[in-house]
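Working notes, structure below.
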There are 2 protein chains.
Amino acid sequence: MADKVTIADVARIAGVSRQTVSNALNSPEVVRPETRQRVLEVVEELGYRVNLAARQMRTGRSGLIAIRIDPAGDGINGSVFDRFLHGLTESAAEAGYRLLLYTAGDDDKEIAAFEDLLGAHEPDAFVLTSTHHKDPRTSWLLDRKLPFVTFGRPWSELPEVPHPWVDVDGSAGTEAATEHLLATGHRRIAFLGWPSGSGVGDDRREGWRRALAGAGLDPTGLSRATSDAIADGEAAARDLISGDPDITALVCASDSLALGALQVARSPNPAWHAEAYRRIAVVGFDDTPVAKAIGLTSVHQPLTEAAARCMQLLSRALERTPPGTILLPPSLVVRQSA
Amino acid sequence: MADKVTIADVARIAGVSRQTVSNALNSPEVVRPETRQRVLEVVEELGYRVNLAARQMRTGRSGLIAIRIDPAGDGINGSVFDRFLHGLTESAAEAGYRLLLYTAGDDDKEIAAFEDLLGAHEPDAFVLTSTHHKDPRTSWLLDRKLPFVTFGRPWSELPEVPHPWVDVDGSAGTEAATEHLLATGHRRIAFLGWPSGSGVGDDRREGWRRALAGAGLDPTGLSRATSDAIADGEAAARDLISGDPDITALVCASDSLALGALQVARSPNPAWHAEAYRRIAVVGFDDTPVAKAIGLTSVHQPLTEAAARCMQLLSRALERTPPGTILLPPSLVVRQSA
DNA sequence: TTGAAAGCGCTAACAG
DNA sequence: CTGTTAGCGCTTTCAA
């Protein structure tokens, strides 16, 4: 049984006052080096650890960072968040913080969760994911001057109070994917994405468009939008390919869509296309485990680094430094599919 | 800004003492109903919430449950843990607890993490996953009489101090998978698993063997063991199939292995097998997103329920009730692959 | 540079 | 049934 050793025990054995122990630990510069040395030895010897509850009562800091965890969903894209979460757990630990999980059905419920948490465990900061247009969560936190960082840009068009964020440059990813296809000889490259309006989706489409424009190619008629499911991706891919015999490659906004597209690309069905077999290259987005498993070329997000950067910005925010923003470049992982 | 409202504010406005407020909240039966009513109204009105740090100092209870989160790994099987984690976050919330994350490289590091956590955030309980033979973590926690539950059986052969655990009956899963194949007409059904010694792996193999025995079939020569990677699964499947022309189905210990097996099953290669095309049925284990994505029949674990049961056992453990154990039945999700 | 005193918000114990 | 007292372990005054 870890016998509770308090600051008083350390003080008694080191022959100093409780206060000096606290100082030696929290404000080293204010204590004579030899005193500090002796205190630290006793701390080590006794295995003393600060009691965070007690510290929290005095300082109001809990050492906790709250982050929402979502239902698994279709699971394919869920793994992106999971990798981020793991990275964040480690980065947070290095900075002396621990992650506290909560769930919330929607933005309003999440704001209710903020209130719950703030009144109970008092996290020192929040990490928000899946930011979107007019996100009420960021305004709520900003209003209360609570430290937070978002993994994802503020997608609002209106100028807003700035806040720290980290994101991966999605358009650079689809642009790189498209350029890779161009370099491999493809000329007619289509895009499979989501209905416009979502910041992330529009951004990814833009990268593809930019790459085509850079090669002097016309994107007209080469883009389809659908919801993010395998079956939808398959239908849209089939539609694209059968409607345009020159298409030889597909850039997709997600691995889910790409998976659907692959069904079409890998088993050309004479029923929907009469011409001889043509190999369709497919590129996905997120480099999920599925992509790796089935040899799908995909845009990889540096999630561990993103997590580390989030912590970095959070540390700054906790010191009330003006917000920083970081846009990370993704990388293309080339596999058999393209 | 949420203006801190303390128990004193409530007491003052309700016209009672602080203690009565505390009682009304924590020991309702000891307070006159009308007093309690009034107190609760004021609590509501003021938006009062207990300060957990203060409560923790008095009671020693933090309302936190600690759980380790692992690196993503190959990611395919990682999703099992993630679904469990999500379920646990919700079940914990319903019971008034929050999850605290930590990482640890191995068992010893995890025990060090226990000590860290216990000295700092003081979680009320731990949830352990990936239990294995002679798991030092459970002994450590048992020695200190700390409440915990494991998701996974204690796989030790030696009689040990019992502890609460929840697990999914893996052998029932592979047995059901095999029976399904038998019912579909398959007679020669092989098993692709891991080297013996791992409790989980041996258990899954046993279910397959049991089903064959039940049908009066001999499992000899029909089992292969390899590490849990797609490429290894593919090699082993190829070896099995090319070595025995009568094999028509494969039961696998994981979706990773099954994915490898599918490569073989779905694109029969004349080079390694001269006979006419034969369709090989494949069944995986864990029903990961990948399985869903590619139409792989797989054994599904009821992870949300497992999480709920873990919380249930934990609640009991927190009241120092003798440990309970729960073995949950999995279900077979039939898709195209079998 | 070190020490003494006070108090964060809460609840266990006891007194009324 | 309700109120008073005390103190959990820590850090922030302030004084020595």
Side-chain angles (χ1 to χ4, degrees), chain A residues 2-40 42-43 46-64 96 116-124, chain B residues 2-40 42-43 46-64 96 116-124:
Chain A
D3 19 66
K4 280 236 190 201
V5 26
T6 79
I7 207 170
D9 300 322
V10 177
R12 185 164 35 76
I13 296 184
V16 296
S17 75
R18 288 198 311 251
Q19 192 39 39
T20 301
V21 177
S22 178
N23 283 337
L25 261 30
N26 302 309
S27 318
E29 71 283 359
V30 93
V31 171
R32 206 189 323 156
E34 56 216 67
T35 310
R36 174 172 146 75
Q37 179 60 26
R38 187 154 36 93
V39 168
L40 290 186
V42 176
V43 162
L46 265 49
Y48 166 79
R49 292 170 201 283
V50 283
N51 178 311
L52 292 186
R55 165 180 288 176
Q56 185 178 346
M57 279 199 69
R58 277 313 275 162
T59 65
R61 312 189 81 202
S62 62
L64 256 22
D116 264 0
L117 286 163
L118 258 6
H121 290 285
E122 302 185 295
D124 296 331
Chain B
D3 18 70
K4 281 238 188 197
V5 27
T6 78
I7 207 170
D9 300 322
V10 178
R12 185 165 34 77
I13 296 183
V16 296
S17 74
R18 289 198 310 251
Q19 189 45 36
T20 301
V21 177
S22 178
N23 284 337
L25 261 31
N26 302 309
S27 319
E29 71 285 358
V30 94
V31 171
R32 208 191 322 157
E34 58 216 66
T35 310
R36 175 172 144 73
Q37 179 60 27
R38 186 154 37 91
V39 169
L40 290 186
V42 177
V43 162
L46 266 50
Y48 167 78
R49 291 171 201 282
V50 284
N51 178 312
L52 292 185
R55 166 181 284 175
Q56 185 179 347
M57 279 199 70
R58 270 319 265 158
T59 65
R61 310 189 83 205
S62 62
L64 257 22
D116 264 358
L117 286 164
L118 258 6
H121 291 284
E122 304 184 294
D124 296 332

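Computed from a predicted structure; not experimentally measured. Just so we're on the same page: letters track the sequence lines, and every chain starts at 1.
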If you compare all heavy atoms of [X] against all heavy atoms of [Y], which two are closest, and at what distance to 0.1 Å?
X	Y	answer
B:Y48	B:L25	CE2-CD2, 3.7 Å
B:S62	B:P123	OG-CA, 3.5 Å
B:D124	B:R61	OD1-CA, 3.3 Å
B:V10	B:V5	CG2-CG2, 4.4 Å

Please list, for nucleotides 6-8 of chain C, all pairs of protein and nucleotide N/O atoms separated by less than 3.5 Å.
| unit_1 | atom_1 | unit_2 | atom_2 | d |
| --- | --- | --- | --- | --- |
| C:dG7 | N2 | A:R58 | NE | 2.8 |

Grab the [atom1]-[atom2] distance between [X] and [N] for me, whole Å please.
X	N	atom1	atom2	result
A:Q56	D:dC10	CD	C1'	12 Å
B:D9	C:dG9	CG	P	9 Å
B:N26	C:dC10	CG	P	10 Å
B:Q37	D:dC1	CD	P	16 Å
A:R36	C:dT1	CZ	P	14 Å
B:L25	C:dT11	CG	P	7 Å
A:R61	D:dC10	CZ	C1'	15 Å
B:N23	C:dA13	CG	C1'	11 Å

The side chain to side chain donor-acceptor pair (under 3.5 Å) partner of A:E34 among A:Q37, A:R36, A:R38, A:R32 is A:R32
Within this structure, what is the [atom1]-[atom2] distance for the pair [X] and [Y], rounded to the nearest 0.5 Å?
X	Y	atom1	atom2	answer
A:E29	A:N23	CD	CG	8.5 Å
B:L117	A:L52	CG	CG	10.0 Å
B:R18	B:D9	CZ	CG	11.0 Å

Does a side-chain N or O of [X] approach OP1 or OP2 of [N] to a distance below 4.0 Å, or not?
X	N	answer
B:T35	D:dT2	yes
B:R55	C:dG9	no
B:S17	D:dT2	no

[Y] side chain reached by [X] side chain, heavy atoms, under 4.5 Å:
X	Y	answer
B:N51	A:E122	yes
B:H121	A:L64	yes
B:V39	B:V31	no

Which nucleotide in the list [options] gets nearest to the side chain of [X]?
X	options	result
B:I7	C:dC10, C:dT2, D:dC1	C:dC10
B:T59	D:dT11, C:dT11, D:dG3	C:dT11
B:T20	C:dC10, D:dT2, C:dG3	D:dT2

Heavy-atom nearest nucleotide on DNA chain D taken for A:S27 and for B:R38; more 5' hit belongs to B:R38
Axis-to-axis angle across the helix from C:dT1-D:dA16 to C:dG16-D:dC1, five pairs each end, nearest 10 degrees, ~ 40°
Just the atom pairs and distances: protein N or O near nucleotides 13-16 of chain D's N or O, under 3.5 Å.
none

